[in-house]
Amino acid sequence: MADPLLSVERAGEILLEHAPQVSDTETMALADANRRVLCEDIASRITQPPFAASAMDGYAVRAGDIGPEGAELQVIGEVAAGAMPDAHVTAGTAMRIFTGAPLPQGADSVVIQENTEKRGDAGVFFKTAATVGDNIRYAGQDFAAGDILLSRGRTLDARALSLAAAGGHAVLPVFRRPRVAVLATGNELVPPGTLPGPGQISASGSVAIAALARDNGADVIDLGIAGDSEAAIRGAVEKAVEAKADILVTIGGASVGDHDLIRPTLAAMGMELDFWKIAMRPGKPLMVGRLGEMRVLGLPGNPVSSFVCALLFAEPLIRHVGHFPPRNRETTAIAASALADNGPRQHYMRGRFDCEGRVEMFERQDSSLQATLAEADCLIVRPPHAKAVEAGETVRIVNLG
Ligand SMILES: Nc1nc2c(c(=O)[nH]1)N[C@H]1C(S)=C(S)[C@@H](COP(=O)(O)OP(=O)(O)OC[C@H]3O[C@@H](n4cnc5c(N)ncnc54)[C@H](O)[C@@H]3O)O[C@H]1N2
Ligand code: MOO
């Protein structure tokens, strides 16, 4: 019989199909622009290097003056970085020059000082032949004014920011960060740090989702904890709408119990449902919909389920909305021990690498166990109906690092 549940792959496609990308932009100082995405091509305002400069400490010479047998030349002055030469190099003369200094007119080569010997007051003997262009950085050899240095869509990092600075920019136009609202739901939840009373547990899920969202370039709106009532959930969702969240991530209340009110409440508020329940374990009750422009991701409450769903769905969604390039976490590894055959849902099993780099699964995989999640290096992916695997065979994994 065909499995009626949506596949993980198809769910991922549907998720991105209706997710509008951020169009608002802002101007950021270079110091604040790291990890942001450029919204325009950036052309250089200047030519780099702006002038022919020496790449070494030594002497600016005319290469033709020094043959294979060497030559003695008269030093007529010196030029350091930041100064301009006050003389021309003519036949039989040289000028002392330092790294970064402009090349004097007439010179066409720089000889490093290690290949010279001082002779008398103003004489220097050049021991080896010089070639035109030796140790010279010519004007514009890096880039010229008007060249496109960085393209729209580039995620800014240390190298890109340095290039922008070299090109004469102090600020850059970037897309605003995607706004992700995170809402925990459940009467049993208390904020982290509050000792749980009878029947209560710490709300850990939103901490994980907020950190993951920030890792992926989002601004997080923490909506706190809503109790299991339609009014409480509605109030929190309204705050997400007011804050103009691009994405609302809810945790818990996604399943079929009498207190699982996320889907009915959002439906009553006008959410268009894209899907609810997928062929995945943990994470079967995942829900995806749209409330106006806001993408809604309803994660199951078990902390491992909410984290795995966030990694597989919230991360790509945030990256897409924020114009960040997709992050491919999937690769393969050698199984350290045998794995049983799999049921109808794609199973993401916590695993860790052994000292030989092979992957072994944790024995206990219950979706409430957070200690093994924190210890895990990867999730071993077991596709629906996958056959049993022997030790030494290759398996798909999702890297958690
Ligand atoms: N009859 C059925 N029952 C359940 C099914 C099902 O198909 N039929 N699915 C199970 C699966 S799978 C999951 S996963 C859970 C998910 O259900 P909910 O999304 O409704 O989650 P809750 O019931 O609200 O919570 C489950 C569990 O997780 C704890 N929780 C909730 N929020 C947080 C949080 N922010 N931080 C830490 N822990 C949290 C909550 O206390 C519960 O212990 O449903 C199964 N049931
Ligand atoms: O799928 Mo639930 O998400 O197993 O714990």
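A quick note: this is a predicted structure, and the numbers were derived from the prediction, not measured. All residue numbers in this chain count up from 1 along the given sequence. Note that ligands are numbered from 1 as they come in the structure, with each ligand's atoms numbered from 1 the same way.
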Next on the checklist: Between Glu375 and Arg350 (salt bridge meaning N to carboxylate O under 4.0 Å), is one present in this structure?
Outcome noted: no

Next on the checklist: Under a 4.0 Å threshold between the charged nitrogen and the carboxylate oxygen, would Glu17 count as salt-bridged to Arg10?
Outcome noted: yes

Take a 6.0 Å sphere around [atom1] of [X] and say whether it holds more than 12 heavy atoms from other residues, nucleotides or ligands.
{"X": "Arg45", "atom1": "CZ", "answer": "no"}
{"X": "Lys244", "atom1": "NZ", "answer": "no"}
{"X": "Arg281", "atom1": "CZ", "answer": "no"}

Checklist entry - Any idea which residues sit under 4.0 Å from ligand 1, heavy-atom distances? => result Ala184, Glu188, Leu189, Ile201, Ser202, Ala203, Ser204, Gly205, Ile251, Gly252, Gly253, Ala254, Ser255, Val256, Asp260, Lys284, Pro285, Pro300, Gly301, Asn302, Pro303, Ser305

Considering only heavy atoms from C-beta outward, does the side chain of [X] approach that of [Y] to under 4.5 Å?
{"X": "Pro191", "Y": "Ile225", "result": "yes"}
{"X": "Phe98", "Y": "Glu78", "result": "yes"}
{"X": "Thr116", "Y": "Tyr59", "result": "yes"}

Next on the checklist: Between Ile148 and Leu150, does the side-chain contact (heavy atoms from CB on, under 4.5 Å) criterion hold? Intermediate values first, please.
Outcome noted: CA-CA 6 Å; Ile148 299 298; Leu150 299 164; over 6 Å; no

Quick check for students: name every N or O atom pair between ligand 2 and the protein closer than 3.5 Å, with distances.
{"from": "ligand 2", "atom 1": "1 (O)", "to": "Gly283", "atom 2": "N", "distance (Å)": "2.6"}
{"from": "ligand 2", "atom 1": "1 (O)", "to": "Lys284", "atom 2": "N", "distance (Å)": "3.2"}
{"from": "ligand 2", "atom 1": "3 (O)", "to": "Gly283", "atom 2": "N", "distance (Å)": "2.5"}
{"from": "ligand 2", "atom 1": "3 (O)", "to": "Ser305", "atom 2": "OG", "distance (Å)": "2.7"}
{"from": "ligand 2", "atom 1": "5 (O)", "to": "Asn302", "atom 2": "ND2", "distance (Å)": "3.3"}
{"from": "ligand 2", "atom 1": "5 (O)", "to": "Ser305", "atom 2": "OG", "distance (Å)": "2.9"}
{"from": "ligand 2", "atom 1": "5 (O)", "to": "Ser367", "atom 2": "OG", "distance (Å)": "2.4"}

